[in-house]
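None of these values were measured; they are calculated from a predicted model.
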Amino acid sequence: MKKLLTFTLLFLLVTFAAQVHAQGSPGDNAEQRLKRASPPAEVTQTTSKGVTITINYSQPALKGRTMGKDVEPMAGKVWRTGANEATVFEINKDVMIEGQKLPAGKYGLYSISGDNQWTIIFNKTWKTWGAFSYKQTDDVLRVMVKPGKSPAFMERMTFTIDKSGKVALMWGNTEVDFHVQ
């Protein structure tokens, strides 16, 4: 009986230790674990025309998965264009994006992927988790752009902004650009 009790206690202790280790460091909460999986990132650039563009997002990683099959973006479906909270696109002045006007402000940046065309969506609801509360009626602007091949494979989804106002979204072997002027 004593051996059974000792074995049971040892089993419970090992099981508890394994659970704590799997959940991360003591004091980690769910939000901290998510950030490690898809860390937060920010890119800011002031263009040659004086427009300051800031994009706050979380960087999902492919981790051996196939984009569009095992991991978003799924063709034809609205995607938050990142992970965790919705990606936030902010501009300090009224601009033209792909020839269409977008007023200064903060926007949720969403997209709909396709093989030959992506829809880039600027939505007035920017403080939200993912695409769960996305409403098309809150779209301020939608532009269509053509995807291309990125110059290098990108494990983590990454945004870049250059001085000319070109915003590039790169992930895997895909690059999707739009122009802010």
Side-chain angles (χ1 to χ4, degrees), residues 29-63 67-68 71-114 117-147 150 154-172 174-181:
N29 60 32
E31 183 177 330
Q32 289 167 321
R33 287 190 301 278
L34 278 174
K35 284 183 179 178
R36 275 198 309 274
S38 298
E42 178 178 290
V43 60
T44 298
Q45 178 68 265
T46 300
T47 69
S48 56
K49 294 188 177 182
V51 176
T52 300
I53 304 166
T54 301
I55 303 173
N56 283 294
Y57 64 105
S58 291
Q59 294 182 290
L62 288 174
K63 299 178 188 174
M67 195 168 76
V71 66
E72 294 184 286
M74 304 299 183
K77 295 187 179 186
V78 173
W79 175 47
R80 66 184 133 194
T81 318
N84 304 331
E85 292 184 358
T87 294
V88 179
F89 179 89
E90 184 175 8
I91 47 176
N92 68 330
K93 297 180 178 184
D94 293 356
V95 297
M96 300 294 280
I97 297 183
E98 296 297 317
Q100 297 183 54
K101 187 174 182 173
L102 183 67
K106 282 186 180 182
Y107 300 94
L109 184 65
Y110 296 90
S111 58
I112 302 171
S113 69
Q117 180 173 280
W118 279 48
T119 303
I120 306 298
I121 303 166
F122 301 87
N123 188 280
K124 68 182 179 182
T125 304
W126 58 271
K127 185 104 173 116
T128 186
W129 183 266
F132 302 110
S133 59
Y134 168 81
K135 294 180 190 154
Q136 187 172 345
T137 56
D138 289 342
D139 289 354
V140 177
L141 177 66
R142 284 179 167 225
V143 296
M144 308 301 191
V145 295
K146 297 214 177 290
S150 66
M154 299 295 285
E155 172 65 24
R156 290 204 175 273
M157 190 198 83
T158 302
F159 280 101
T160 62
I161 308 167
D162 68 21
K163 289 289 246 178
S164 73
K166 179 179 107 175
V167 176
L169 160 65
M170 295 173 285
W171 198 17
T174 301
E175 180 173 332
V176 179
D177 303 334
F178 61 91
H179 296 85
V180 179
Q181 301 176 329

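Tyr134 places a side-chain heavy atom less than 4.5 Å from the side chain of Asp139. Looking at heavy atoms from C-beta onward, Leu102 lies in side-chain contact with Ile91 at the 4.5 angstrom threshold. Looking at Thr125 and Lys135, their side chains never come closer than 4.5 Å, going by heavy atoms from C-beta outward. Put simply, the side chain of Pro39 reaches to within 4.5 Å of the side chain of Arg156, judged on heavy atoms. Side chains of Ile112 and Arg142 form a contact here, defined as non-hydrogen atoms less than 4.5 Å apart. Using a 4.5 Å heavy-atom cutoff, the side chains of Arg80 and Tyr110 are in contact. Residues Ile53 and Thr44 have side chains not in contact (no heavy-atom distance under 4.5 Å, counting atoms from C-beta outward). You'll find the side chain of Leu109 reaches within 4.5 Å of the side chain of Ile120, heavy atoms only.
Taking a 6.0 Å sphere around NZ of Lys101, one finds it holds 12 or fewer heavy atoms contributed by other residues, nucleotides or ligands.
The minimum heavy-atom distance between Gln181 and Lys49, with the atom names listed, is CB-NZ, 4.5 Å. Across every non-hydrogen atom of Ser111 and Thr81, the tightest pair is OG-OG1, 2.9 Å. Closest approach of Ser58 to Pro60, counting heavy atoms only: O-CD, 3.0 Å.
Atom-to-atom distance recorded for Asp177:CG and Thr160:OG1 is 7.5 Å, nearest 0.5 angstrom. If you take CD1 on Ile161 and CD1 on Ile55, they are separated by 4.0 Å, rounding to the nearest 0.5 Å. For the atom pair CG of Leu141 and CE of Met96, the computed distance is 9.5 Å after rounding to the nearest 0.5 Å. Note that CH2 of Trp126 is 13.0 Å distant from OG1 of Thr87, once rounded to the nearest 0.5 Å. Taken to the nearest 0.5 Å, the NZ atom of Lys166 stands 12.5 Å off from the CD atom of Gln45. Rounding to the nearest 0.5 Å places CD of Glu175 at 5.5 Å from CE of Met170.
Under a 3.5 Å cut-off, the side chain of Gln59 and the backbone N or O of Met157 do form a donor-acceptor pair. Under the 3.5 Å distance criterion, the side-chain polar atoms of Trp171 are matched with a main-chain donor or acceptor of Glu155. A distance-only check finds a donor-acceptor pair linking the side chain of Asp94 to the backbone of Ala104 [under 3.5 Å]. Panel note: side chain Asn92, backbone Thr52; a donor-acceptor pair is recorded below 3.5 Å. Ser38 places no side-chain N or O within 3.5 Å of a backbone atom of Ala83 that could act as its donor or acceptor partner.
Remark: Tyr107 engages no residue in a ring pair (Phe, Tyr, Trp, His ring centres under 6.0 Å) (not counting sequence neighbours).
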* Any chance you could lay out the side chain to side chain contact (heavy atoms under 4.5 Å, CB included) test for Lys163 and Thr47, step after step, and finish with the verdict? => CA-CA 4 Å; Lys163 289 289 246 178; Thr47 69; 5.8 Å; no
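Donor-acceptor pairing under 3.5 Å is recorded for the side chains of Thr128 and Ser133.
Classification of the Phe159-Tyr57 ring pair by plane angle, with boundaries at 30° and 60°, yields perpendicular.
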